[in-house]
A.B. asks: 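Below is one structure. I have some questions about it.
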Amino acid sequence: MTTDGTLADHLYEAALVPELWTDTCEQLAAEIGSSTASIFTVDGHGTHRYVTSRNIAEAFRQFASSDLRLTNIRAQRALERSPFAFGRDIDILTKEEYEQDPIRPAFLHPHGMEWEAGCVFQEPTGHMIAIILMQAKGRGHFSDEQLARLNALKPDLARAAYMSSRLAFNEARSMTEALSMLGLPAAVIGDSGQAIAMNPEMESLSPRIRTGAGNRLVFESSGAGALFNEAIQRYHARAVPTVQSLPMVPRNGAPALILHLLPVRRAARDIFSRSMAVLAVTEVGKVGAPDMRVLSGLFDLTPAEARVARGIALGQTTETIAASLGISLETARSHLKRIMQKTGTTRQAELVLLLSGLSAPGSINGSGDTA
């Protein structure tokens, strides 16, 4: 197999298995003869996500959390002056911009890097993608031959990114379809609170919950809408967001609802997909033994935690649950503490309300078995 085929194969494998991106970046660097290779995406909120060869990972970590990332002009200059091809930093920046650039002395030089070449393009979800290669001090800048080689590889790099993006949308549809099987209204939420996918059960809740301009979710209750927007902001602010549970009051004979905003725990190296969460809705008042599959799936509970949660939903005390499950009281309390952390609740009464209405259609005993 040719070198081209090997690198292309790695690119498409990484699109399917994000954990492979680091090794793929290192293979790209070796193929071009550069010191490093990195790929990062920037969303509409200025969030930088990246994969990179290991020898420059610390510099990228520092850069992605610094304020300088918000004033970096490289991407805009690349789009203006080299929109469809790889270019050198000294070619896309003016002499004055290059000399006054604060990123080189702050992040690159301390890690032994001197020269950059890169390409910037947009992918379908709206993210901006930058592919950056660097040369260490003393190695000289990228040659015309190296740039030509990068441009020959650009179609495969772009297609791998597009593939990852499309798979994310397919995954969103699969999530809502799976929750339909359990009778739960659900939508997959994107970066700005827009609905990427929505199942028929969620659509049937209109006009209480519906989509408006830009597919953003609109709630009949302004209070629920405000809480949802606050939850989305908290979701953006946290590296590992927690479950957000939001009440929606009864109105015009319709029952109260609990909205569960659940983070999608994506692979750490999956930089091309939108940040997503699942919004699942449960109806208050259908109190019963919660379905174990729903408990485990919605809140990422272990089987032991799901059994304790089911007991709590049935109004049992921690002591009763421990006795019925044959575990110590300390173990039961430890499970309860983790359940409350995962569900975003702070009081046991709040947890009972949150778990109301989680019986799946056809469930007899809440264990997930059906007739």
Side-chain angles (χ1 to χ4, degrees), residues 1-43 47-61 63-64 69 74-75 78 84-86 111 113 116-135 142 146-175 188 190-191 196 239-240 263-276:
M1 183 178 289
T2 66
T3 303
D4 283 353
T6 300
L7 182 55
D9 287 345
H10 277 265
L11 286 168
Y12 295 123
E13 283 182 296
L16 297 172
V17 185
E19 286 81 358
L20 298 177
W21 274 116
T22 296
D23 289 338
T24 301
C25 283
E26 296 192 342
Q27 183 167 356
L28 174 61
E31 174 77 11
I32 299 303
S34 67
S35 301
T36 73
S38 312
I39 305 172
F40 70 82
T41 65
V42 184
D43 64 19
T47 301
H48 286 56
R49 302 171 69 189
Y50 62 90
V51 290
T52 184
S53 45
R54 294 173 179 86
N55 60 348
I56 199 67
E58 178 58 23
F60 266 77
R61 185 193 68 77
F63 174 75
R69 78 186 192 281
R74 287 169 170 76
F84 303 109
F86 278 84
H111 290 86
M113 297 300 149
E116 289 181 273
C119 180
V120 177
F121 55 93
Q122 299 282 336
E123 57 100 26
T125 65
H127 286 161
M128 182 178 67
I129 297 177
I131 303 168
I132 305 296
L133 294 95
M134 299 181 191
Q135 292 287 33
F142 290 91
Q146 286 174 305
L147 291 183
R149 182 77 184 113
L150 284 167
N151 285 322
L153 292 169
K154 182 175 178 283
D156 285 322
L157 289 163
R159 278 194 290 266
Y162 294 162
M163 181 186 297
S164 287
S165 173
R166 181 48 50 194
L167 288 171
F169 280 100
N170 290 340
E171 181 185 20
R173 286 193 295 269
S174 297
M175 291 177 193
V188 174
D191 291 330
I196 296 176
V240 183
V264 176
R265 293 175 173 82
R266 306 202 60 80
R269 301 300 184 190
D270 192 351
I271 67 167
F272 298 109
S273 301
R274 298 186 183 199
S275 301
M276 292 192 296

A.B. asks: Starting at CD of Glu31, measure out to CD of Glu26 and round the result to the nearest 0.5 Å.
C.D. replies: 14.5 Å

A.B. asks: Between the side chain of Thr36 and the main-chain N/O of Ser53, is any donor-acceptor distance below 3.5 Å?
C.D. replies: no

A.B. asks: Where do Ser38 and Ile56 land on the side-chain contact (heavy atoms from CB on, under 4.5 Å) test, with the steps shown first?
C.D. replies: CA-CA 9 Å; Ser38 312; Ile56 199 67; 3.8 Å; yes

A.B. asks: Do Leu11 and Trp21 have side chains that approach each other closer than 4.5 Å (heavy atoms only, starting at C-beta)?
C.D. replies: yes

A.B. asks: To the nearest 0.5 angstrom, please state how far the CZ atom of Phe86 sits from the CG atom of Asn151.
C.D. replies: 6.5 Å

A.B. asks: If every non-hydrogen atom of Ile132 is compared with every non-hydrogen atom of Gly118, which pair is closest and at what distance?
C.D. replies: CD1-CA, 4.1 Å

A.B. asks: Could you grab the distance from atom NZ of Lys154 to atom CG of Leu147, nearest 0.5 Å is fine?
C.D. replies: 13.5 Å

A.B. asks: For Ala158 and Phe121, work out which heavy atoms get closest and say how close.
C.D. replies: CA-CZ, 3.9 Å

A.B. asks: Take His10 and Leu20 through the side-chain contact (heavy atoms from CB on, under 4.5 Å) test and state the conclusion after the steps.
C.D. replies: CA-CA 8 Å; His10 277 265; Leu20 298 177; over 6 Å; no

A.B. asks: Considering only heavy atoms from C-beta outward, does the side chain of Leu28 approach that of Ile39 to under 4.5 Å?
C.D. replies: no

A.B. asks: Output, in order, the C-alpha distance, side-chain angles, deciding distance and verdict of side-chain contact (heavy atoms from CB on, under 4.5 Å) for Val51 and Phe60.
C.D. replies: CA-CA 9 Å; Val51 290; Phe60 266 77; over 6 Å; no

A.B. asks: With rounding to the nearest 0.5 angstrom, report the CD to OG distance, Gln135 to Ser35.
C.D. replies: 4.5 Å

A.B. asks: If every non-hydrogen atom of Arg69 is compared with every non-hydrogen atom of Ala64, which pair is closest and at what distance?
C.D. replies: CD-O, 3.2 Å

A.B. asks: Does any part of the side chain of Met163, heavy atoms only, come nearer than 4.5 Å to the side chain of Leu16, both counted from C-beta?
C.D. replies: yes

A.B. asks: With a 4.5 Å heavy-atom cut-off, do Leu133 and Gln146 have their side chains touching?
C.D. replies: no

A.B. asks: Do you know the tightest heavy-atom contact between His111 and Ala59?
C.D. replies: ND1-CB, 3.5 Å

A.B. asks: Is there a donor-acceptor contact under 3.5 Å from the side chain of Glu116 to the main chain of Met134?
C.D. replies: no

A.B. asks: For Ala75 and Val120, work out which heavy atoms get closest and say how close.
C.D. replies: CA-CG2, 3.9 Å

A.B. asks: For residues Ala15 and Ala160, report the shortest heavy-atom separation together with the two atoms involved.
C.D. replies: CB-O, 3.4 Å

A.B. asks: Which is it for Thr52 and Phe40 under the side-chain contact (heavy atoms from CB on, under 4.5 Å) test, yes or no, and what are the steps along the way?
C.D. replies: CA-CA 8 Å; Thr52 184; Phe40 70 82; over 6 Å; no

